[in-house]
Amino acid sequence: MLKTSSKMLFLMTTIMGTMMVVSSSNWLNMWIGLEINMMSFIPLMFKSKNNFLSQSSMMYFLIQSMASTMFIIMILFNKYMFISFYSTNAQNIIIFITMMMKMGMPPFHMWFPELMSKLNWNLCMFLMTWQKIAPMYILSIIMDNNSIMMMMIVMSTILGAILGLNHTSTRKIMAYSSINHMGWLVACALTFKKLWIMYMIMYSIMVIMICYTLNKYNILFINQFNIKSLTMVEKMSLLIMMMSMGGLPPFLGFMPKWMTIEYMISSNEIMLMLIMVMSSLITLSYYMRMISSISMLMSNSQKWIFMNKTSKIPSTITLFINMMLPLFFILMNFM
Amino acid sequence: MFSLSFLTLFITLIDWYILLIFLMFIMFYMMVSFNMLDWFSMVSYMFGGDILSFSLIILSFWIIFLMVLASSLVYKNMTYYSEFMFMNVLLLIFLMFSFSVNNLFMYYLFFECSLIPTLILIFGWGYQPERLMAGYYLLFYTLFFSLPMLLGIFYINNFCFSMFYFLIYVDYNFYLYISMLLAFLAKMPMIFIHFWLPKAHVEAPISGSMILAGVLLKLGGYGIMRVFFFMKSYYFNYLFLSISLFGIFMVGILCMFQIDMKSLIAYSSVAHMGMVICGLMCMNMLGMIGSLILMIGHGLCSSGMFCLANIAYERSSSRSIFINKGLLTFMPSMCLFWFLLMINNMASPPSMNLLGEILLINSIISWSSISFFYLMFASFMGCLYSIYLYSSINHGLIYKGLLCGYYGYYIEFYLLFLHWLPLNIFFLKIDIISLLVF
């Protein structure tokens, strides 16, 4: 991606689009930023020889442009272009819905796993982390605590947990896990505005590590974990990475869960929190199932598929980052 | 205390017996440096301990030491032995932290942390492919019941702005009560939520079984004692008390059906832990002291029994008691240890189990005198399954395949002796436990 200059250009404009959204004080600028972001992400997906990628760019364009159209109609209904909190409730809800379409939150999530299963791992990583920021920002500034938001959070966490159980494609599983985490993100934004940024940072770190590793081993389906002969450190690092993603305590992934639970309980959302926590247990089950074949460390794998020359350094680094819960605990205090 | 964590950085460089010497050294240092006060002592911002935590810390040091000693096969076969040592020491650190923190949330954190090395021990060094399912049972049982506890802990923090054990004062209701207790009861385990335990024990390697029976079950009992500092409800305790009272009897019967040595020992630890739950739920002084003594005694005893089962398993490659027969003619001196640990399991005189059971029976009968009916049968069943296991392993016709094996090693006798010795010698200074003050 980085070698061709046009891709580099579009990567920069994608990043710039999100930056525009995040830093604008004006609805129209936000819309422009979203459009730039969308229009420059499509060429990133495009590769002329691959049929899947052109399909996926079409799918992405249709969904995103529909959402953008609804978004601009809604902001043109507003009397003022500046961001105001006094817009009516119906307008707010429709803006929520457009942003949820852009992010792929349930019930508008159908395109998201389909799209993910057609992309390569780098684009999946980009879609799960960076492309979430702009819509999530817009969502967070107009959000208020109403029952529709609660419903969306519950739906997102439960659907993300349950729908992911029945898939074998790791990219689809990661897409459903992303849907589940979006529910947590919205819950964070509901209680404390700064919290979702911290959540996003840590979630992005974990997703980047997983996508990097799975891209390196070229694993697209869960039965492919077993056909590589991995070393002990690599097995351990994959195991710990998945446990971290599932939010088990000594690892990094527990940190966002911890923050969210603490703030949610302090704003008395106990029942909502119980549902979210239990659904994250279900996501843990599919993370664990992904790596079940290599989590048996002594199991045999076929030695005739030799890996390319690998260094231990990346897996050691991922292992190390996953163990950095105390450090992140300190870092998050300064944010 | 923290020097051990630095030790793990060099774990791949050192040999296993040097690690053992380090462990013993640190334990000895702790026993010397800890002044046996009757109240929380050596308190810092996060750590501190009373007799309850220090006795369990020393137990966990002892069990980890014996774990490394028992799995010399890992060292001999070089099956990822440095990673194995790393997991053991990591587990020890987590256990030590979880017993010595004075913060409820930190206790939860390390309680959960101790799950991970156990899980990796089962996944990594277990024997059959079924260990995957056993590990998932362990993980999901524990998490399903402990995640509500996390919410409960934050609710308490939100309510009284402190998670320090002794400063918590909270108006609790039934939901908070259930959420705080079920995590520990699933870990203990109480009957009806014990299904993960026999699975995990059967599939775990010897080290995993030892630490599970020895210390990890005690995390639950320790947690219940800590939670009862501030949750002084008596209204719902009868639920768990009666279930456990029924359970220790039923599990005793269930033990008689087992043909798998490890599974039988696992069920017997469910029975013993049921008695501990009963004593804790009575919420009297006798019950608290008795359950601490029984927890330590059972930790040593059941860990020793797993060692014995593993010694037989290493010879015959089977855990079935139909195959392991007639060990009396095969390893006569090992039979002595079979006998000693079995009678300790059924609470014979100079053992900690006896004192613990006497205190617990007193406290339970003081709660309700009708419960003697269950206790009588439960105690009888305890004798019955211990004798059943002893006699069916040691007597009978020897399996001819065993004749190509060999006699016990010195290291195995050493291992068993170190299980047996504190179990019976600690009786002489058991009044330390009575310093446990609530």
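Numbers restart at 1 for each chain; the letters A, B, ... are given by sequence-line order, proteins then strands.
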Select one option (side chain, backbone, both, neither) describing which atoms of [X] are under 4.5 Å from chain B's heavy atoms.
X: Met236(A); value: side chain
X: Leu284(A); value: both
X: Met243(A); value: side chain

**Prompt:** Listed by residue number, which members of residues 197-209 of chain B have a heavy atom under 4.5 Å from any heavy atom of chain A?
**Reply:**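 Within residues 197-209 of chain B, no residue comes under 4.5 Å of chain A, counting heavy atoms only.
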
**Item:** Members of residues 147-157 of chain B whose heavy atoms come closer than 4.5 Å to chain A
**Value:**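 Contacts with chain A: Leu147(B), Pro148(B), Leu150(B), Leu151(B), Phe154(B), Tyr155(B), Asn157(B).
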
**Request:** State, yes or no, whether a side-chain contact exists between Phe123(B) and Ser292(A) at a heavy-atom distance under 4.5 Å.
**Result:**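 Sidechains of Ser292(A) and Phe123(B): no contact.
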
**Message:** With heavy-atom distances below 4.5 Å as the criterion, would you say the side chains of Leu248(A) and Leu139(B) are in contact?
**Reply:**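 The answer is yes, as the side chains (C-beta and beyond) meet within the 4.5 Å cut-off.
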
**Contact list for residues 156-177 of chain A, test salt bridge (charged side-chain N to carboxylate O under 4.0 Å, His left out), sequence neighbours left out** =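 Non-adjacent pairs meeting salt bridge (charged side-chain N to carboxylate O under 4.0 Å, His left out): Glu114(A)-Lys172(A).
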
**Over 12 foreign heavy atoms within 6.0 Å of OH, Tyr263(A)** =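 Open: at most 12 neighbouring heavy atoms sit under 6.0 Å from OH of Tyr263(A).
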
Please report the shortest heavy-atom distance between [X] and [Y], naming the atom on each side.
X: Met288(A); Y: Tyr136(B); result: O-OH, 2.9 Å
X: Leu281(A); Y: Phe144(B); result: CD2-CA, 3.6 Å
X: Ile265(A); Y: Asn158(B); result: O-ND2, 3.3 Å

For residues 147-165 of chain A, please give each side-chain donor-acceptor pair under 3.5 Å, one per line with the distance, not counting sequence neighbours.
from: Ser156(A); atom 1: OG; to: Ile179(A); atom 2: O; distance (Å): 2.8
from: Ser156(A); atom 1: OG; to: Gly183(A); atom 2: N; distance (Å): 3.3
from: Thr157(A); atom 1: OG1; to: Ile153(A); atom 2: O; distance (Å): 3.0
from: Thr157(A); atom 1: OG1; to: Val154(A); atom 2: O; distance (Å): 3.0

**Request:** Please look at Phe110(B) and chain A and tell me whether the side chain, the backbone, both or neither of the residue comes under 4.5 angstrom of a heavy atom of that chain.
**Result:**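 No part of it gets close to chain A.
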
**Prompt:** How far apart are the C-alpha atoms of Phe254(A) and Leu109(B), what are their side-chain angles, what is the distance that settles it, and do they pass the side-chain contact (heavy atoms from CB on, under 4.5 Å) test?
**Reply:** CA-CA 10 Å; Phe254(A) 182 62; Leu109(B) 191 71; 3.2 Å; yes

